[in-house]
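What follows is a set of notes on a single structure, which appears directly below.
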Amino acid sequence: MSWAATVLTLYPEIFPGPLGHSLAGRALKEEIWSLETVNIRDHANDKHATVDDTPAGGGAGMVLKPDVLAAAIDTAAGEPARPMLLMSPRGAPLTQERVLQLAEGPGAIIICGRFEGVDERVIEARNLEEVSVGDYVLSGGEPAAMVLMDAVVRLLPGVMGNALSGEAETFSGGLLEYPHYTRPRTWEGLEIPEVLLSGDHGRIAKWRAERSEELTQDRRPDLWAAHKQTKE
Ligand code: SAH
């Protein structure tokens with residue numbers, strides 16, 4: 001059975017967008033995963049198809065109505081039960097670990113907010129998991145949903161040409177990845193590190209492990225501290 005994504009959005013025409021190309025696009029054609037969109041506006045319940053309203057308590061912007069959003073969520077929910085994710089800057093930061101868990105499951109229902117966000121009661125009543133793609137604010141959840149699906153889809157069996165290329169990757173061992181090089185051997189006077197041309201697999205592995213640790217220490221003290229702790 002293929003990994004099934006259902007995206008709830010006010011802009012279904014945005015999808016699949018970048019996910020229709022390259023690895024993810026090929027996998028979509030091959031039905032390794034599927035992508036269905038639900039237009040939240042189709043679940044409005046008045047003749048103007050109203051999806052938002054002014055914030056209780058006042059202030060700028062508009063808030064997605066709970067009744068309309070819940071109706072959209074309820075049509076998407078079904079068997080097998082899938083995690084219901086609300087893209088939100090307040091959510092738990094998305095990690096490779098969570099991405100891997102999602103890839104091992106049946107799929108996901110992904111809700112894209114707009115405007116000031118969604119009525120808090122829907123989050124509670126439908127037990128939505130809030131997921132953030134980073135500490136910055138987007139104008140809508142759609143790019144965040146694409147980030148999440150892209151990260152998941154590349155891990156699905158049969159998507160990456162070389163199944164091993166995911167293993168040494170950044171974050172997989174809690175470290176950033178070592179640097180890559182390819183031909184030409186000399187480019188703008190810059191050489192490929194000699195060890196990589198040595199054919200000595202032991203030395204190469206050691207060099208890569210060292211660069212990986214060095215980069216992590218340098219750029220991501222947070223990851224480095226966590227890595228040292230798990231090693232102890
Ligand atoms: N007023 C809200 C931000 C609303 S941004 C707040 O301060 O929390 C509008 C929508 O964009 C959100 O509902 C969410 O779906 C999406 N969004 C914005 N930033 C995001 C992020 N970092 N990660 C995931 N989704 C995000």
Side-chain angles (χ1 to χ4, degrees), residues 3-20 24 33 35-45 48-77 82-103 105 107-155 170-171 176 219-220 222-223:
W3 195 83
T6 302
V7 178
L8 276 58
T9 170
L10 287 169
Y11 301 95
E13 64 280 7
I14 294 178
F15 295 90
L19 300 179
W33 70 297
L35 174 58
E36 178 196 24
T37 54
V38 171
N39 190 341
I40 297 169
R41 197 173 295 279
D42 291 344
H43 298 274
N45 46 35
H48 303 293
T50 308
V51 294
D52 56 350
D53 208 335
T54 54
M62 298 295 274
V63 177
L64 276 171
K65 286 163 59 62
D67 48 344
V68 176
L69 188 55
I73 292 171
D74 295 345
T75 57
R82 291 173 288 166
M84 296 201 276
L85 314 175
L86 171 66
M87 304 319 296
S88 159
R90 301 189 321 192
L94 186 62
T95 60
Q96 189 65 14
E97 197 185 345
R98 184 72 186 110
V99 165
L100 193 58
Q101 284 171 357
L102 288 169
I109 296 171
I110 305 169
I111 303 154
C112 303
R114 276 274 158 182
F115 323 120
E116 286 309 312
V118 312
D119 188 303
E120 190 70 21
R121 292 169 294 178
V122 199
I123 304 175
E124 240 175 79
R126 292 297 179 274
N127 203 10
L128 305 180
E129 174 186 341
E130 293 183 74
V131 177
S132 168
V133 295
D135 289 346
Y136 41 80
V137 181
L138 303 169
S139 56
E142 289 79 7
M146 286 181 189
V147 165
L148 184 141
M149 289 188 285
D150 184 296
V152 168
V153 165
R154 63 195 287 283
L155 297 182
T170 290
F171 303 128
L176 304 181
R219 297 185 185 177
R220 292 292 301 272
D222 57 325
L223 291 180

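Computed from heavy atoms alone, side chains included, the values below leave out hydrogens, waters and symmetry copies. Every number for a ligand or one of its atoms is a count from 1 in the order of the listing.
Between R126 and the choices I73, I109, L69, I111, the side-chain contact (heavy atoms from CB on, under 4.5 Å) rule is met once, by I73.
Using a heavy-atom distance under 4.0 Å as the criterion, the protein contacts of ligand 1 are M87, S88, P89, R90, G113, R114, F115, E116, G117, V131, S132, V133, G134, Y136, V137, L138, S139, G140, G141, A144.
L10 is listed as a side-chain neighbour of L64, based on a closest heavy-atom distance under 4.5 Å. At least one side-chain heavy atom of R114 sits less than 4.5 Å from a side-chain heavy atom of E142. No side-chain heavy atom of L86 sits under 4.5 Å from any side-chain heavy atom of V122. For the pair V131 and R98, the minimum side-chain heavy-atom distance is 4.5 Å or more.
Summarising the local packing, CD of E97 is surrounded by 12 or fewer heavy atoms from other residues, nucleotides or ligands at distances under 6.0 Å.
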